[in-house]
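All heavy atoms count here, side chains included; hydrogens, waters and symmetry mates do not. All values derive from a computational prediction rather than experimental measurement. Position 1 is the first residue of the sequence, and the numbers go up from there.
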Amino acid sequence: MKFCDERIQKHLLNGGKITHSDLHYPIFLRGGSICFKNGSGEILSYSIREDDLTDDDWEIVEPKYN
């Protein structure tokens, strides 16, 4: 899917996470900004690049429940 796909957008707006093949960590919305949580648990901003908008391998990250 493309980043602008309606399913991707709705998932982000509903608090979900998404990813694609070039990302090491899923991205999500927090306080109106696109963010990711690094390996140390720190939440950092993510800037959407031109490549992100043209990639067509975006995936919804399904929540994991214990």
Item checked: Y25 and F36 aromatic ring geometry - parallel, tilted or perpendicular at 30°/60° bounds -> parallel
Next item on the list: Dump the intermediate steps for side chain to side chain contact (heavy atoms under 4.5 Å, CB included) on M1 and R7, then the final yes or no.
Entry: CA-CA 9 Å; M1 283 183 271; R7 290 180 289 169; 3.3 Å; yes
Checklist line | Any donor-acceptor N/O pair, N14 side chain to G16 backbone, under 3.5 Å | finding: no
Notebook entry, point to check: When rounded to the nearest 0.5 angstrom, what is the spacing between CD1 in I60 and NZ in K17?
Noted result: 14.0 Å
Checklist line | Full working for side chain to side chain contact (heavy atoms under 4.5 Å, CB included) between H11 and I18 | finding: CA-CA 8 Å; H11 189 72; I18 61 171; 4.0 Å; yes
Margin query: Please report the interatomic distance CG(L12) to CZ(F28), rounded to the nearest 0.5 Å.
Written below: 10.5 Å
Margin query: If the threshold is 4.0 Å, N to carboxylate O, is there a salt bridge linking R49 and D52?
Written below: yes
Checklist line | Atom pair SG (C35) and CD1 (I43), whose distance is rounded to the nearest 0.5 Å | finding: 6.5 Å
Next item on the list: State the CH2-OG distance between W58 and S21, to the nearest 0.5 angstrom.
Entry: 9.5 Å
Check: In terms of hydrophobic clustering (I, L, V, M, F, W, Y; side-chain heavy atoms under 4.5 Å; direct or indirect links), are L13 and V61 co-clustered?
Finding: no
Item checked: Qualifying residues under side chain to side chain contact (heavy atoms under 4.5 Å, CB included), relative to E6, sequence neighbours excluded -> K10
Notebook entry, point to check: What distance separates H20 NE2 from D55 CG, expressed to the nearest 0.5 Å?
Noted result: 4.5 Å
Note to self: Suppose we screen for side chain to side chain contact (heavy atoms under 4.5 Å, CB included). Which residues come up paired with I34, at least two apart in sequence or across chains?
What the structure shows: F3, I27, L29, Y46, I48
